[in-house]
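Each chain gets a letter, A, B and so on, in the order its sequence line appears, and its residues count up from 1.
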Number of protein chains: 2
Amino acid sequence: MAKGTDDTIAVRISKVLADRIISGAIEPGARLRQDHVAEEFHTSHVPVREAFRRLEAQGLAISEPRRGVRVAAFDLGEVKEVAEMRAALEVLALRHAAPHLTAAILDQAEEATKAGDKSRDVRSWEEANRAFHRLILAPCGMPRLLATIDDLHAASARFLFAAWRSEWETRTDQDHRAILAALRQGNAESAALTLGRHVQWIGRKPVRTASGTTREAFAIVG
Amino acid sequence: MAKGTDDTIAVRISKVLADRIISGAIEPGARLRQDHVAEEFHTSHVPVREAFRRLEAQGLAISEPRRGVRVAAFDLGEVKEVAEMRAALEVLALRHAAPHLTAAILDQAEEATKAGDKSRDVRSWEEANRAFHRLILAPCGMPRLLATIDDLHAASARFLFAAWRSEWETRTDQDHRAILAALRQGNAESAALTLGRHVQWIGRKPVRTASGTTREAFAIVG
DNA sequence: GGATCAAAAATTATAGATAATTTCTAACTT
DNA sequence: AAGTTAGAAATTATCTATAATTTTTGATCC
């Protein structure tokens with residue numbers, strides 16, 4: 001995970017905080033207090049404020065004027081929303097990327113899929129999954145589109161980690177293989193349709209809460 | 001244009017600067033110098049920096065560490081990219097909004113279309129156009145999607161103003177009327193398809209440059 | 001005992017000042 | 001004359017301090 005040592009302090013802080021929010025280390029709704037963060041990173045609060053603005057732009061935090069910043073909460077509605085946005089935009093990206101996909105790239109994507117199958121924890125599975133999507137979409141050559149998709153991926157990962165916190169079962173990703181097969185045959189349209197369905201598939205499973213009751217947890221698992 | 005008097009200073013600054021960038025008052029590639037902006041708004045540079053981060057998130061400015069912030073440049077490729085993203089996302093939004101559209105909303109949208117036809121300058125046409133799109137999309141109830149579409153609209157407006165700077169001819173918007181007619185008949189799918197085409201239609205016209213030569217200018221005119 | 005209000009503490013937002021980096025200018029060398 | 005390099009000016013990034021706002025706490029009143 002590149003630390004980006006030449007980045008500005010604000011960027012470094014925002015990356016660390018983003019990672020914590022995504023992984024669930026900081027709970028949804030929790031307040032982010034600028035002086036505390038500043039103290040932890042041994043800086044003043046000015047770069048911290050800029051880091052907050054960055055998180056806000058990614059949709060990971062929300063700030064109310066004069067009332068501080070909190071980690072963005074989320075419900076089933078937002079999970080669905082992000083899934084549908086990803087589906088729409090990733091399909092668009094894949095349609096543009098398809099003509100530029102080489103055999104080498106597809107091989108790398110297959111490696112990523114295998115790595116996902118082998119992974120024993122959510123975190124490494126998510127990493128492999130994101131690598132797969134990035135590999136097949138990057139050649140579209142549309143930077144703004146890719147940046148937006150990246151932010152949506154971060155949101156997806158958040159939901160995933162929140163749902164699958166402790167327990168995790170390996171699952172082999174049939175969709176990824178179907179997408180790669182279609183792309184290898186030059187059938188971009190079929191690949192795009194499968195990708196759209198794939199991203200919109202929302203996993204749900206019962207989760208035991210602290211109070212002993214069970215509730216349903218949701219996550220985008222594509 | 002709501003000034004948002006209860007906003008934070010940073011937000012106020014970012015709104016004014018965004019307006020200038022969109023309208024073309026500040027040229028693409030121009031540097032934004034924080035001390036100058038701070039002086040103009042009679043504040044220190046801390047809120048200015050936060051305003052810059054906000055503009056960056058909207059894609060209106062780009063900042064290089066230790067090298068300051070510049071107004072984002074754009075080329076035909078980016079115009080196309082924004083158009084395609086808008087098409088994909090607005091179609092998605094309309095599909096969700098359609099079941100919640102009332103006759104009253106559609107009437108308001110028709111008013112906006114008429115206002116666009118009557119407008120004598122680009123600026124008021126753009127305002128009417130954005131009102132139309134917002135009216136028919138807002139009922140989708142997907143805040144993140146709507147926020148992203150808003151940012152893309154700002155980018156579209158930028159291209160529009162850059163191309164049509166001085167000259168402008170009124171054009172009656174047949175697409176808007178077709179979309180409204182389909183929605184009134186309950187034919188959401190047809191409306192969505194028309195909207196998708198509508199947004200992707202990129203206007204182009206020859207523009208005389210300062211040096212006397214002519215070049216092609218491009219803009220999203222939906 | 002619960003609600004209300006006021007003072008105190010904590011926190012956010014802005015201002016002014018300092019250090020570090022980059023860009024600009026211009027002289028100097030080849 | 002063109003390119004290079006050193007110094008100066010401008011600009012960015014950060015820190016410390018101050019003002020304004022909100023949340024919390026505690027005491028008072030009903």
From A:I220, A:T148, A:L195, residue fulfilling side-chain contact (heavy atoms from CB on, under 4.5 Å) relative to A:R86
A:I220
For A:A93, check side chain to side chain contact (heavy atoms under 4.5 Å, CB included) against everything at least two apart and list the hits.
A:L137, A:C140, A:L145, A:I149
Is any side-chain heavy atom of B:L17 closer than 4.5 Å to one of B:F52?
yes
Who pairs with B:A109 by side chain to side chain contact (heavy atoms under 4.5 Å, CB included), at least two apart in sequence or on another chain?
B:F132, B:L135, B:I136, B:L180
Any B:H36 side-chain N or O less than 4.0 Å from OP1/OP2 of D:dA10
no
Identify each donor-acceptor pair in which a side-chain atom of residues 34-41 of chain A lies under 3.5 Å from a protein atom, sequence neighbours left out, and give them as a table.
unit_1	atom_1	unit_2	atom_2	d
A:Q34	OE1	A:R49	NH1	3.2
A:E40	OE1	A:R20	NH1	3.4
A:E40	OE2	A:R20	NH1	3.4
A:E40	OE2	A:R20	NH2	2.5

Does a side-chain N or O of A:T8 approach OP1 or OP2 of D:dT14 to a distance below 4.0 Å, or not?
yes
Rounded to whole Å, how long is the line connecting atom CG of B:D35 with atom P of C:dT23?
16 Å
Taking only heavy atoms on the protein side, list every residue of residues 40-53 of chain A lying under 4.0 Å from any atom of DNA chain C, sorted numerically.
A:H45, A:R49
For each nucleotide in nucleotides 20-25 of chain D, reading 5' to 3', give B when a protein heavy atom comes within less than 4.0 Å of its base, S when such contact involves only the sugar-phosphate, and - otherwise.
-SSS--
With sequence neighbours left out, the residues meeting side chain to side chain contact (heavy atoms under 4.5 Å, CB included) with B:A154 are B:I22
Hey, can you tell me if A:H176 and A:H133 have their rings parallel, tilted or perpendicular (30° and 60° cut-offs)?
perpendicular
How many Å lie between CD on A:E64 and C1' on C:dA13, as a whole number?
15 Å
Interatomic distance, B:Q34 CD vs C:dA15 C1' [rounded to whole Å]
14 Å
With a 4.5 Å cut-off on side-chain heavy atoms, are A:E81 and B:P143 touching?
yes
For B:E39 and D:dT12, what is the distance between atoms CD and C1' respectively, to the nearest whole Å?
16 Å
